[in-house]
Visitor: 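Sharing a structure here in structure tokens format.
Everything numeric in this text was worked out from a predicted model, so none of it was measured. Letters A, B, ... mirror the listed sequences (proteins, then strands); counts begin at 1.
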2 protein chains.
Amino acid sequence: MDTLLKTLGEPKRCEIIRLVWSEEKAATEIAAHFPTVTRSAISQHLGVLRRSGLVSERRDGTRRMYSVNHREVARLRAFLDSFWTDSLEKLRDLAESNEQ
Amino acid sequence: MDTLLKTLGEPKRCEIIRLVWSEEKAATEIAAHFPTVTRSAISQHLGVLRRSGLVSERRDGTRRMYSVNHREVARLRAFLDSFWTDSLEKLRDLAESNEQ
DNA sequence: AGTAAGCGTTAGTTGATACTTACGTAAGCG
DNA sequence: CGCTTACGTAAGTATCAACTAACGCTTACT
């Protein structure tokens, strides 16, 4: 879960997630949205996103099509939702386990 | 907003937010929950959290009491909520602005 | 077979960041 | 006034993360 949050910590990766949110896109297309950095840099960001499970890859000829892995996004979302709401209980649990 | 996400990217800072979620705590109390690192390290994390606006500080004698700034947390939460739901529209806006 | 397009990967560099150690400072207490 | 507690901060270090440049591997196309 820490990995997911760290992945989200980089603005370009957030942007990539948004780009492939509703429809899959090829790596070159994605890279074209970031004129200031190299294609290689984007490829590495895609690697991070892939390893964290937030995006999936599909081969199509010479191209690699990327799309959001909604299942993993949902996991992250659920964690954050519980983070905002369950902090009180989690705090209590933590205090109990620490005081033994 | 990038700052907030980057702040959340460090697990210890997440933990600190949870610790002061429901009641304010002194810096020493917070540091006591992290036996593996120095008090100084935690103090610096508190500095990051303070500068990002996620926590507030209050002086009480020689102690500094920290508490969650719920207003700023709400801002972050709202951004993430819109991130999950509005990505479709944002993608469209982006495409329009880029194709001109 | 030869060439080009599309990408990932490796190596190396630079800047950020998490940390420790040491120090400074303000508030309480004797 | 000295001493202690409770803290932030400055300096220095080591690790990590984002990037560029160069390379290599597929897949198509002729």
Visitor: Nearest of C/dA18, D/dA18, C/dC19 to any side-chain atom of A/Arg13?
Guide: D/dA18
Visitor: In residues 34-43 of chain A, which ones come under 4.0 Å of DNA chain D, going by heavy atoms?
Guide: A/Thr36, A/Val37, A/Thr38, A/Ser40, A/Ala41
Visitor: By the 4.0 Å heavy-atom rule, please label A/Ala31 as base, sugar-phosphate, or nothing.
Guide: nothing
Visitor: Considering just the side-chain nitrogens and oxygens of A/Tyr66, establish if one lies under 4.0 Å of OP1 or OP2 belonging to C/dG6.
Guide: no
Visitor: Rounded to the nearest Å, what distance is computed from the CD atom of residue B/Gln44 to the P atom of nucleotide C/dA18?
Guide: 10 Å
Visitor: Say whether A/Val37 and A/Ile16 are linked into one hydrophobic cluster, either directly or through other cluster members, by side-chain heavy-atom distances under 4.5 angstrom.
Guide: yes
Visitor: What is the distance, rounded to the nearest whole Å, between atom CG of B/Leu49 and atom P of D/dG8?
Guide: 12 Å
Visitor: Would you confirm whether A/Asp2, through its side chain, and B/Pro11, through its main-chain N or O, come within 3.5 Å as a donor-acceptor pair?
Guide: no
Visitor: Counting only N and O atoms by type, is there a donor-acceptor contact under 3.5 Å from the side chain of A/Asn69 to the main-chain atoms of A/Gly53?
Guide: yes
Visitor: Any salt bridge between A/Arg13 and A/Glu15, counting N to O under 4.0 Å?
Guide: no
Visitor: So which pairs with a foot in residues 58-77 of chain B pass ring pair (Phe, Tyr, Trp, His ring centres under 6.0 Å), sequence neighbours left out?
Guide: B/Trp21-B/His70
Visitor: Go ahead and name the base partner of D/dC1; Watson-Crick or wobble counts if both distances stay under 3.5 Å, otherwise write none.
Guide: C/dG30
Visitor: Think A/His45 has a side-chain N or O under 4.0 angstrom from the OP1 or OP2 of D/dA17?
Guide: no
Visitor: When the distance from NZ of B/Lys6 to P of D/dA17 is rounded to whole Å, what number comes out?
Guide: 12 Å
Visitor: Counting N and O atoms only, with roles assigned by atom type, does the side chain of B/Glu29 sit under 3.5 Å from a partner on the main chain of B/Ala26, one being a donor and the other an acceptor?
Guide: yes
Visitor: To the side chain of B/Thr62, which of D/dG8, C/dG28, C/dG8 is closest?
Guide: C/dG28
Visitor: Can you tell me how far CH2 of A/Trp84 sits from CG of B/Asp81, rounded to the nearest 0.5 angstrom?
Guide: 9.0 Å
Visitor: Base, sugar-phosphate or nothing for A/Glu10? Non-hydrogen atoms, less than 4.0 Å.
Guide: sugar-phosphate
Visitor: Taking atom C1' of D/dA6 as reference, at what distance in whole Å does atom CD of B/Glu57 sit?
Guide: 12 Å
Visitor: Specify the separation, in whole Å, of atom CZ of A/Arg64 and atom C1' of D/dT27.
Guide: 11 Å
Visitor: Write down the distance between CZ (B/Arg50) and C1' (D/dG8), rounded to a whole number of angstrom.
Guide: 8 Å
Visitor: With DNA chain D as reference, determine whether A/Gly61 or A/Lys12 sits nearer its 5' end, using the nearest nucleotide of each.
Guide: A/Lys12
Visitor: Quickly work out the B/Arg51 CZ to C/dA18 P distance and round it to whole Å.
Guide: 12 Å
Visitor: Rounded to whole Å, how long is the line connecting atom CZ of B/Arg63 with atom C1' of C/dG28?
Guide: 12 Å
